[in-house]
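A note on names: the letters A, B, ... follow the listed sequences, proteins ahead of strands, and every chain is numbered from 1.
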Number of protein chains: 2
Amino acid sequence: MARTGRPREFDRDKAIDAATALFWAQGYEPTSLTQLKSCMGNISPASFYAAFGSKEALFREVVQRYLETYGQVMAPLWDESLSPREAIERTLHGSARMQSARAHPTGCLVVCGASNCSPENEPVQALLAAERQRTRTGIRACVERAIANGELNASPATDVLPDILTTFFHGMTCEARDGMRPDTLDAAVTSLLTLWDLNAVKRGTAKRPKKKLTD
Amino acid sequence: MARTGRPREFDRDKAIDAATALFWAQGYEPTSLTQLKSCMGNISPASFYAAFGSKEALFREVVQRYLETYGQVMAPLWDESLSPREAIERTLHGSARMQSARAHPTGCLVVCGASNCSPENEPVQALLAAERQRTRTGIRACVERAIANGELNASPATDVLPDILTTFFHGMTCEARDGMRPDTLDAAVTSLLTLWDLNAVKRGTAKRPKKKLTD
DNA sequence: ATATATATGTATCAATCGATCCGTATATGA
DNA sequence: TCATATACGGATCGATTGATACATATATAT
């Protein structure tokens, strides 16, 4: 049964998409209610607050939407049907291309969405920090699974491999924002994964590139 | 000869240091004049504007100060008395420890000082972006010098090496801000540099670690 | 002593911030 | 038809933003 009351005159989903683009490009704090209402189709303050509650509540919906769409480039991290190497590879390549694509703001909303924040908006910071931590955990789990699988050697190098991958991953936001091209970022990912292969257990059927590692 | 007029009642240098800490921790836009005046010793608006001109002008002085102090961890990049490998190594290790030190805000001011910015403050963004570009150029120059010196092979892997190093370098800000410990970040740098050594030209006197690469 | 130059304290500016109130419009349910 | 529920337009809230005005205080220069 349809909901009672006067129907909304704007598309709530499209409004969230528009807000996502704005928050993604500018970050949480610099994005004003005026800008938001404007990009959502010049809706009134009353409509805004009735539909979303507050700026922070809208941002939380935006993050949720982002994670369900663009953020799905990270999904391979938690897909245990993939080999750990493939999971990492797909995640990094996918993220590199997504973050540097020109169809939307560059970089990662989770990394740069609230990187400059007043103390009063610490909860917003914390929301994104928790999500970044989830990524770290996912990357580390892949490496540990590879060690458990016998795909990677256990060694000091594989101990720090998650930190390297994570640091590089988070650095892509800065590079993409500063204009690095998708192909360039993608090639960097490919080469970085040499660090994985260096520590791969050598077998007849090992997943190693056919070309020389250094080429 | 001493300057005419009533002398300033606060220490301009210390005020800039205090402002640096604040801008570093919060970023340009979220840092208010009220906070700045407060941390500078409760100076008045008149004193502030007489001494610094504007919030943006102060920020430019702060960036200058930062580059001359903390930012000097990057100096090896342009020190041609060092081998390229040493220059990169010292820069990354020094930056890793500086950015994660607890004596001051974590991360790099140049990376995160204006990462969330309204369109109206684009010049501030541009100031830091130009500095980041300078870093990229410096890193690339080191790699190219190493190739010219014969320390590194010219190859697709060395072509993308600057991009990998730069991306990792810029990612350290996120990791440091999220609490990564100095030793951890430092160890990641050490391991990342394996990518350099993989492409080092092999000679009897080559600068290669004595231990196995993967350890 | 007087002029000049700079700094300070206080009050205040216009603009914008996120958010709320109120009267009205438009839908459904009984 | 009338009650209920939701959305809308527009005015406005108090707080804060970066910045300025003006009178006064304190130094040097002549």
Within the 4.0 Å heavy-atom criterion, would you say [X] contacts the bases, only the backbone, or no part of the nucleic acid?
X: A/Ser118; value: nothing
X: A/Ser32; value: sugar-phosphate
X: A/Phe52; value: nothing

From [atom1] of [X] over to [atom2] of [N], roughly how many Å is that when rounded to an integer?
X: A/Tyr49; N: C/dC17; atom1: OH; atom2: P; value: 11 Å
X: A/Arg8; N: D/dT6; atom1: CZ; atom2: C1'; value: 9 Å
X: B/Phe48; N: D/dA19; atom1: CZ; atom2: P; value: 8 Å
X: B/Glu120; N: D/dT17; atom1: CD; atom2: C1'; value: 10 Å
X: B/Lys55; N: D/dT16; atom1: NZ; atom2: C1'; value: 12 Å
X: B/Leu36; N: D/dG18; atom1: CG; atom2: P; value: 8 Å
X: A/Glu9; N: C/dT24; atom1: CD; atom2: C1'; value: 12 Å
X: B/Lys37; N: C/dG9; atom1: NZ; atom2: C1'; value: 11 Å

Within 45° cone and under 6.0 Å: A/Lys55 NZ/CZ vs A/Tyr28 ring: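 Yes, cation above the ring, under 6.0 Å and within 45°.
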N/O (side chain, [X]) to phosphate O (OP1/OP2, [N]) under 4.0 Å:
X: A/Ser44; N: D/dA7; answer: no
X: B/Arg3; N: C/dA7; answer: yes
X: A/Thr34; N: C/dC17; answer: yes

B/Gln99 and B/Ser95: side chain donor to acceptor below 3.5 Å: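 Their side chains do contain a donor-acceptor pair, which is all the 3.5 Å distance test asks for.
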Polar side chain donor-acceptor pair, A/Thr166 to B/Glu175, under 3.5 angstrom: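 Side chains of A/Thr166 and B/Glu175: no pair found under 3.5 Å.
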When you get a sec, tell me which of [options] is the closest nucleotide to the side chain of [X]?
X: B/Ser54; options: D/dA7, D/dC8, D/dA19; answer: D/dA19
X: B/Ala50; options: C/dA19, C/dT8, D/dG18; answer: C/dT8
X: A/Thr4; options: D/dA5, D/dT28, C/dG9; answer: D/dA5

For A/Leu92, the option from A/Val73, A/Val189, A/Thr190 that meets side-chain contact (heavy atoms from CB on, under 4.5 Å):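 The single option meeting the side-chain contact (heavy atoms from CB on, under 4.5 Å) with A/Leu92 is A/Val189.
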Side chain to side chain contact (heavy atoms under 4.5 Å, CB included) assessment of B/Leu193 paired with B/Glu89: CA-CA 8 Å; B/Leu193 289 177; B/Glu89 187 175 6; 3.8 Å; yes
Along DNA chain D (nearest heavy atom to each residue), the more 5'-positioned of B/Pro45 and B/Arg6: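 The residue closer to the strand's 5' end, by nearest nucleotide, is B/Pro45.
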Of B/Ser47 and B/Gly5, the one whose closest DNA chain C nucleotide lies more 5':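 It is B/Gly5 whose nearest nucleotide is closer to the 5' end.
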